[in-house]
Amino acid sequence: AIPHLSEKLGDMKLKKPAGETLLLFAEKTSLQFVLGHGASLILIARPFSNPSDTAYDPWSKQKAPKVLADALTWVEQALVEFGIAGLSLRNLIEFLKTALKNSNAAVRTSATKTLVTVKLFAGSCVLFMWTSDHR
């Protein structure tokens, strides 16, 4: 159900109930579980062929900017509600880096807001992870 609910985050009529249901799933399992399943399966028919692919890779390749922007908004809301405990921050930051390169302004804005929320929870650790790939 998580991938289908994730897809509905971009649907104006279903965004709110889909987001609330995903939050309920996160309460019962974990936010990492929901992000991993929603992001790894949403609208992408190919399985991960490379173990270095992150769970967020398919969201990064999402073609519909509205779905991606709304998914990022939901991730930001979920981070505010649950915090970052138990999350793979490196994968989340890599996903946000990709979203910040998107040509759609709404996607970039949502990614920026999400990154700021991560920074509020993780502190300067985020800056280190952001620049660690560029040594």
Side-chain angles (χ1 to χ4, degrees):
I2 293 173
H4 300 293
L5 289 168
S6 298
E7 180 182 338
K8 298 304 177 197
L9 290 173
D11 184 324
M12 199 62 177
K13 293 178 183 176
L14 299 174
K15 180 188 330 187
K16 186 175 181 187
E20 289 172 355
T21 304
L22 287 169
L23 289 175
L24 286 172
F25 284 176
E27 284 178 17
K28 298 296 181 187
T29 58
S30 71
L31 183 55
Q32 179 62 42
F33 180 83
V34 172
L35 289 176
H37 282 77
S40 66
L41 301 174
I42 186 172
L43 298 177
I44 300 295
R46 70 166 182 81
F48 289 133
S49 57
N50 182 348
S52 68
D53 286 344
T54 69
Y56 301 95
D57 189 47
W59 264 346
S60 301
K61 293 180 175 138
Q62 175 54 249
K63 298 295 184 205
K66 175 89 171 116
V67 174
L68 182 55
D70 288 345
L72 284 161
T73 300
W74 180 85
V75 170
E76 194 262 339
Q77 174 193 2
L79 289 171
V80 168
E81 204 163 310
F82 290 97
I84 61 168
L87 286 182
S88 171
L89 281 182
R90 183 164 305 280
N91 291 345
L92 178 58
I93 290 171
E94 288 302 316
F95 167 61
L96 293 174
K97 280 181 180 181
T98 303
L100 286 168
K101 296 175 189 173
N102 194 290
S103 60
N104 185 281
V107 172
R108 291 191 311 268
T109 300
S110 294
T112 301
K113 288 178 182 178
T114 305
L115 183 61
V116 169
T117 301
V118 172
K119 169 91 169 64
L120 290 174
F121 283 101
S124 60
C125 161
V126 171
L127 297 175
F128 174 74
M129 283 188 226
W130 188 269
T131 58
S132 65
D133 294 338
H134 305 298
R135 288 191 235 173

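In this chain, numbering begins with 1 at the start of the sequence shown.
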Rounded at 0.5 Å granularity, tell me how far [atom1] in [X] sits from [atom2] in [Y].
X     : Y     : atom1 : atom2 : result
Leu87 : Phe33 : CG    : CZ    : 14.0 Å
Leu35 : Ser88 : CG    : OG    : 10.0 Å
Leu31 : Leu92 : CG    : CG    : 9.0 Å
Thr29 : Leu24 : OG1   : CG    : 10.5 Å
Phe25 : Ser6  : CZ    : OG    : 10.0 Å

Q.
Restricting to salt bridge (Lys or Arg N to Asp or Glu O under 4.0 Å), what partner residues turn up for Lys113, sequence neighbours left out?
A.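 Scan of Lys113 (salt bridge (Lys or Arg N to Asp or Glu O under 4.0 Å), adjacent residues dropped) gives none.
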Q.
If the condition is salt bridge (Lys or Arg N to Asp or Glu O under 4.0 Å), which residues does Glu20 pass it with, not counting sequence neighbours?
A.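 Glu20 satisfies salt bridge (Lys or Arg N to Asp or Glu O under 4.0 Å) with Lys16 once adjacent residues are dropped.
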Where do [X] and [Y] come nearest, in terms of heavy atoms and distance?
X      : Y     : result
Ala122 : Leu89 : CB-CD1, 4.0 Å
Trp74  : Gly19 : NE1-O, 3.1 Å
Ala111 : Ala99 : CB-CB, 3.7 Å
Asn104 : Pro65 : ND2-CB, 3.4 Å

(Q) Do Leu100 and Thr112 have side chains that approach each other closer than 4.5 Å (heavy atoms only, starting at C-beta)? (A)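 SC-SC contact between Leu100 and Thr112 confirmed.
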side-chain contact (heavy atoms from CB on, under 4.5 Å) involving [X] - partner list, sequence neighbours excluded:
X      : value
Leu14  : Lys8, Asp11
Lys101 : none
Thr114 : Leu72, Val75, Glu76, Leu79, Leu96

Q: If a pair satisfies salt bridge (charged side-chain N to carboxylate O under 4.0 Å, His left out) and one of its residues is in residues 65-74, list it, with sequence neighbours excluded.
A: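 Sorted result for residues 65-74: Lys15-Asp70, Lys66-Asp70.
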